[in-house]
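See structure below.
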Amino acid sequence: MKHIYIYLSAALLLASGCKKALDQPVLGQYQGDNFFTNDANAKLGVNAAYAPLTFTDPSSNTLWVLGDLASDDAIKGSSDGDQGDFLSIQNFNINPANSAVEGLWKRYYDGVFKCNVVTDGLPASNKAVSDAVKNDVVGQAEFLRAYYYFNLTVVYGDIPLHLKVETPEELQSPALPQAQIYAQIEKDCTAAIAALPASRTGADIGRATKGSALALLAKTYLFEKKWALAASTAKAVEDLGVYSLLPVFADNFRAATKNNPEAVFSVLHTAGLVPFQGNNLNAWFAPRPLNGYGFYLPTQSLVDNFETGTTGAVDPRLDYSIGRAGHPYFDSAFDPGWTTTGYVSKKHTQPLSEVPVSTRGDGNLNYQAIRFSEVLLTEAEALNESGSSAAALVPLNKVRKRARESYLHDSSLNGFGTVPAGLLPDVTTTDQSQLRDAIRRERRSELALEFHRFFDIIRYGTAYASTALKNKPNFSYTANQFFPIPESERQTNFKLGK
């Protein structure tokens with residue numbers, strides 16, 4: 001396929017971490033060997049590959065729907081007729097034409113295509129681009145392709161694998177076993193690890209790094225149940241010395257502190273730009289009276305997962321993550337009339353003082369796709385499952401220590417200055433089964449409302465899933481562990497069958 005279509009704009013630069021917009025969008029059709037002719041164009045090419053990750057349009061980037069509304073952590077909210085297909089996901093009345101099922105497939109395979117444009121356009125024989133830029137750009141594309149494929153295969157299971165810009169005939173591709181998809185993710189991550197720098201500065205903050213690729217590889221091994229590899233790869237992220245847990249958990253989800261040492265890989269958003277590059281989740285998740293649509297309501301089950309101390313003090317991550325009665329919702333008083341569950345999400349929303357009515361939905365928060373705390377919990381889980389339960393306590397208790405010691409660093413917490421008695425004590429059991437339960441509970445609290453929960457439920461197996469989703473009578477582990485390949489794909493790719 002001689003002609004490669006590359007759609008680039010100032011928005012794409014910002015999605016990849018660049019801070020300055022171009023005066024004019026660049027739109028065009030190029031031959032691959034005529035586009036990747038200098039360092040600047042190579043960077044533009046990979047910038048485009050970041051764009052499908054953004055939440056500028058949450059109706060098409062439906063990771064939040066498939067990752068959390070299908071789980072026990074959140075319900076759709078709003079009215080039943082508003083985004084009815086999302087309600088169907090929640091209730092497991094799912095058909096292949098469901099808009100949430102269609103949306104993620106199209107968006108993430110578009111990301112795969114944009115990555116393939118880069119890797120096709122920058123072979124070793126390309127001497128027009130400097131080796132340093134070429135290696136870095138290709139490494140970013142390999143990481144991004146791995147990230148897209150990881151999400152695609154945990155969502156849909158067996159899927160087609162496209163590794164180059166293909167002709168229409170080549171796009172007729174059967175679904176390959178998930179093991180082959182994971183093998184390619186491992187390959188891309190390994191290549192990216194070798195190519196990418198350990199850290200970024202200045203306008204390059206937000207681009208993939210060596211730690212991003214290591215963390216994704218560790219998570220891939222975790223999902224494959226390659227426990228020893230998952231543990232050692234997660235430890236390699238820690239050994240880079242680049243990442244650390246923030247003293248205050250909530251600073252991961254505040255605009256002023258969004259680019260921080262805990263962010264292993266973030267999807268960047270910037271408010272106030274043309275073309276639009278804000279995080280529109282703010283409009284979707286905020287309560288209706290506060291300039292939102294009232295979607296994405298946390299459940300009582302999730303709230304009950306958070307631990308309390310001996311004096312009744314609650315895990316501070318609860319009120320950092322969830323709005324509830326008796327506690328302010330940022331700079332507004334909480335109104336129980338906002339929600340049918342009693343709760344609203346806070347992780348992806350901002351106060352009216354930051355996103356006023358005049359700029360509805362133009363949020364400035366990044367999506368924290370991989371945080372260092374998740375890497376530590378990956379290490380803990382993998383160590384425990386591989387029989388090293390005592391060693392697993394170390395990374396697990398680092399996460400718990402940070403959570404409880406928010407009381408020592410956040411003056412807004414009631415009781416600031418002292419960790420409440422009995423709150424989030426170090427876990428000491430080395431019984432594998434008990435520790436497994438503790439790690440799973442910790443992961444749910446730490447990563448609540450970050451779009452991971454359903455995929456964790458499924459990988460934990462039939463028994464866990466049946467208990468977690470017992471209030472969803474239509475759920476069947478056999479039928480619903482993966483979402484259906486979209487009908488639109490089956491109508492164009494005849495090798496998928498019916």
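Index from 1, following the sequence. Below, all heavy atoms of this structure are taken into account, side chains as well, without hydrogens, waters or symmetry copies.
- The two residues I439 and A380 have their closest heavy-atom pair at CD1-O, 3.6 Å.
- Counting non-hydrogen atoms of neighbouring residues, nucleotides and ligands closer than 6.0 angstrom, the NZ atom of K187 reaches no more than 12 such neighbours.
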Item to check | side chain to side chain donor-acceptor pair (under 3.5 Å) between E262 and N252, worked out | outcome: CA-CA 7 Å; E262 193 168 336; N252 285 293; 3.2 Å; yes
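- Of all the heavy atoms in E354 and A255, the pair that sits closest is OE1-CB, 4.0 Å.
- At a threshold of 4.5 Å between non-hydrogen side-chain atoms, the residues Y50 and V267 do not count as touching.
- Side-chain contact between L53 and Y148 is present, with at least one heavy-atom pair separated by less than 4.5 Å.
- Residues D456 and R453 are not paired through a salt bridge, judged by the lack of any N-O separation under 4.0 Å between the basic side chain and the carboxylate.
- When ring centroids are compared, F475 and F92 come within the 6.0 Å threshold.
- Side chain to side chain, N282 and T349 fail the donor-acceptor criterion of an N or O pair below 3.5 Å.
- Side-chain atoms of T257 and N260 form no donor-acceptor pair, as typed in the model, at a separation below 3.5 Å.
- The closest side-chain heavy-atom distance from V137 to F36 is not below 4.5 Å.
- Of the residues F451, Y296, F276, F285, the one that meets the ring pair (Phe, Tyr, Trp, His ring centres under 6.0 Å) test with F55 is F451.
- Side-chain contact between R459 and Q481 is absent, with no heavy-atom pair separated by less than 4.5 Å.
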Next on the checklist: For a side-chain contact (heavy atoms from CB on, under 4.5 Å) check, start with the C-alpha distance between L447 and R371, then their side-chain angles and the critical distance, and finish with the verdict.
Outcome noted: CA-CA 9 Å; L447 303 178; R371 293 193 289 116; 3.5 Å; yes
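- If you look at F86 and W64, their ring centroids are closer than 6.0 Å.
- Shown here are the ring pair (Phe, Tyr, Trp, His ring centres under 6.0 Å) partners of F265, two or more places apart in sequence or in another chain: F143, Y147.
- The aromatic ring centroids of F223 and F150 lie less than 6.0 Å from each other.
- Counting heavy atoms from C-beta on, the side chains of F253 and K346 never come closer than 4.5 Å.
- A distance of 9.5 Å separates OG1 in T56 from CG in L281, rounded to the nearest 0.5 Å.
- Counting all heavy atoms, side chain and backbone alike, R107 lies closest to T54 at NH2-O, 2.9 Å.
- For E489 and K106, the salt-bridge test fails: no basic side-chain N is under 4.0 Å from an acidic carboxylate O.
- Exactly one of W105, F454, F455 qualifies for a ring pair (Phe, Tyr, Trp, His ring centres under 6.0 Å) with F483. That residue is F454.
- A salt bridge links D136 with R200: the closest approach of a Lys/Arg side-chain nitrogen to an acidic carboxylate oxygen falls below 4.0 angstrom.
- Between N259 and N366, the side chains place a donor N or O and an acceptor N or O closer than 3.5 Å (distance only, hydrogens not considered).
- When only modelled atom types and interatomic distance are considered, S59 and D57 share a side-chain donor-acceptor pair under 3.5 Å.
- At a threshold of 4.0 Å, the pair E385-K226 does not count as salt-bridged, since none of the basic side-chain nitrogens sits closer than that to a carboxylate oxygen.
- When only modelled atom types and interatomic distance are considered, T270 and Q277 share no side-chain donor-acceptor pair under 3.5 Å.
- The heavy-atom pair separating D110 from P52 by the smallest distance is OD2-CG, 3.7 Å.
- Taken from NE2 in H452 to CG in N151, the straight-line distance is 9.0 Å, to the nearest 0.5 Å.
- Under 3.5 Å, the side chains of Y243 and T209 contain a donor-acceptor pair of N or O atoms.
- Note that the CG atom of L302 and the OG atom of S445 stand 7.0 Å from one another [nearest 0.5 Å].
- Within the cation-pi definition used here (under 6.0 Å to the ring centroid, within 45° of the axis), R440 qualifies as a partner of Y460.
- Electrostatic pairing of E379 and K398 does not count as a salt bridge here, judged by no charged N lying under 4.0 Å from a carboxylate O.
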Next on the checklist: Go through it in stages, so that I can follow the logic: the residues are E374 and R443, the test is salt bridge (Lys or Arg N to Asp or Glu O under 4.0 Å), and I'd like the CA-CA distance, side-chain angles, deciding distance and then a yes or no.
Outcome noted: CA-CA 8 Å; E374 183 182 6; R443 184 175 172 91; 3.0 Å; yes
Item to check | Stepwise side-chain contact (heavy atoms from CB on, under 4.5 Å) check, V118 with K114 | outcome: CA-CA 7 Å; V118 174; K114 288 178 166 66; over 6 Å; no
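- Between the CG atom in L365 and the CD atom in Q350 there is a gap of 3.5 Å [rounded to 0.5 Å].
- Every residue meeting the ring pair (Phe, Tyr, Trp, His ring centres under 6.0 Å) condition with H162, not counting sequence neighbours, appears here in chain and number order: Y109.
- Between S345 and P298, the shortest heavy-atom distance links the atoms N-CD, 3.5 Å.
- Neither side chain, S88 nor N93, offers a donor N or O lying under 3.5 Å from an acceptor on the other.
- Two residues are said to be in side-chain contact when any heavy atoms from C-beta on lie closer than 4.5 Å; Y293 and Q83 fail this criterion.
- Residues L69 and F295 have side chains not in contact (no heavy-atom distance under 4.5 Å, counting atoms from C-beta outward).
- Taking each heavy atom of E442 and V399 in turn, the nearest pair found is OE2-CG1, 3.9 Å.
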Checklist entry - Under the side-chain contact (heavy atoms from CB on, under 4.5 Å) criterion, do L196 and Q140 qualify, and how do the steps go? => result CA-CA 7 Å; L196 295 176; Q140 291 178 64; 3.9 Å; yes
Checklist entry - Do I185 and T153 pass the side-chain contact (heavy atoms from CB on, under 4.5 Å) test, and can you show the C-alpha distance, the side-chain angles, and the key distance before you say yes or no? => result CA-CA 10 Å; I185 294 168; T153 197; 4.3 Å; yes
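- In this structure the side chain of V129 never reaches within 4.5 angstrom of the side chain of N38, judged on heavy atoms.
- Scanning for salt bridge (Lys or Arg N to Asp or Glu O under 4.0 Å) contacts around D188 gives R145, with sequence neighbours left out.
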